[in-house]
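Working notes for the structure below.
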Amino acid sequence: MFEARLIQSSILKKVLDAVKDLLNEATFECSDSGIQVQAMDNAHVSLVALNLRSDGFDKYRCDRNLSMGMSIATMSKILKCAGPEDTVTLRAADNPDTVAFIFESSNKEKLAEYEMKLINMDQEHLGIPETFYSCVVKMSSHEFARIVRDLSQFGENITIACTKEGVKFTAIGDSGSANVKLAQTADASEENDAVIIEMQESVKLSFSCRYLTCFVKATPLCSQVQLSISNDVPLVCEYKIGDIGQIRYYLAPKIDD
Amino acid sequence: FVLQKVMPDYFPEP
């Protein structure tokens with residue numbers, strides 16, 4: 001028996017909004033420690049790693065490890081049926097063909113249950129090593145979303161150049177170019193808006209706007225985003241999910257011919 | 001920019 005309950009369905013709604021443009025389907029690995037998802041987009045250029053710890057749920061029970069292949073589009077449709085104040089419970093048997101989503105209104109007068117068929121999926125699990133990054137930038141997630149949106153109008157790629165002084169985002173296209181520079185915050189008292197850079201070595205890499213635009217769909221999950229960058233390895237774009245876990249997006253850099 | 005590796009190039013299956 002697997003059962004996981006969240007008082008706020010809005011967290012799960014936001015998680016689905018943050019992955020539905022990248023993933024068609026994904027395997028949800030459920031164990032005692034929580035729920036983990038690792039999935040690549042169709043082109044295998046990006047990877048989503050989602051972790052929801054069991055202690056972050058209001059109720060969590062997982063008698064044996066489960067791998068549940070789920071259609072992200074169907075799951076997203078189901079979660080749209082939950083009210084923002086509803087409690088959500090995921091429930092499955094030990095060898096499940098289906099998973100149930102149960103929504104309960106805060107006054108307990110409405111109970112809705114949606115059952116979704118699981119998908120048999122070939123599991124392709126990649127080993128992501130612990131990596132020490134040359135630059136780690138912490139900044140407002142809203143500011144990052146805005147920069148991605150603004151610069152995407154000018155080119156297909158955004159170049160991120162990070163030095164000790166700050167971080168510079170550049171897009172160059174046929175119609176012109178755009179760049180935004182953010183200086184490291186001197187007084188980081190306003191923590192959420194601060195730009196904090198931990199740098200060992202300056203880096204400069206380019207990434208596809210199309211994927212970055214998908215990643216910033218996670219903005220409602222967290223007021224801060226963390227970008228980890230090293231030359232010649234994938235960018236990591238990380239959003240915390242309250243006290244329950246985090247979502248990390250990995251994106252392969254563009255390589256200059 | 002013409003080249004872009006894919007995730008398994010960076011993170012091989014264990």
Side-chain angles (χ1 to χ4, degrees), chain A residues 22-23 26-27 29 37-49 122-131 133 155-160 170-174 204-212 215 228-237 248-257, chain B:
Chain A
L22 275 175
L23 306 177
T27 301
E29 305 277 357
V37 176
Q38 190 203 84
M40 288 181 281
D41 72 286
N42 273 342
H44 288 198
V45 166
S46 72
L47 182 144
V48 177
D122 284 333
Q123 206 27 359
E124 196 178 10
H125 201 86
L126 305 184
I128 302 173
E130 276 291 316
T131 306
Y133 289 92
E156 286 179 10
N157 303 301
I158 292 178
T159 301
I160 304 177
T170 308
I172 300 171
D174 295 338
K204 188 178 177 185
L205 283 173
S206 295
F207 302 98
S208 159
C209 289
R210 191 162 73 84
Y211 287 94
L212 295 174
F215 300 173
S228 302
I229 318 162
S230 282
N231 285 321
D232 306 323
V233 300
L235 160 80
V236 191
C237 187
R248 290 192 184 119
Y249 300 95
Y250 295 82
L251 178 59
K254 296 280 182 156
I255 298 167
D256 215 344
D257 185 24
Chain B
F1 300 111
V2 289
L3 287 168
Q4 187 164 29
K5 289 201 243 178
V6 293
M7 282 296 124
D9 294 330
Y10 295 102
F11 307 130
E13 285 189 60

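Computed from heavy atoms alone, side chains included, the values below leave out hydrogens, waters and symmetry copies.
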To the nearest 0.5 Å, atom OH of A:Tyr250 lies from atom OH of B:Tyr10 at 14.0 Å
CG (A:Leu251) and CD (B:Gln4) are apart, to the nearest 0.5 Å, by 6.0 Å
Of A:Ser208, A:Ser46, A:Pro129, the largest count of non-hydrogen pairs under 4.5 angstrom with chain B goes to A:Ser46
Taking every heavy atom of B:Met7 against every heavy atom of A:Val45, the minimum-distance pair comes out as CE-O, 3.0 Å
Applying a strict 4.5 Å limit to non-hydrogen atoms, the region of A:Asp232 in contact with chain B is backbone
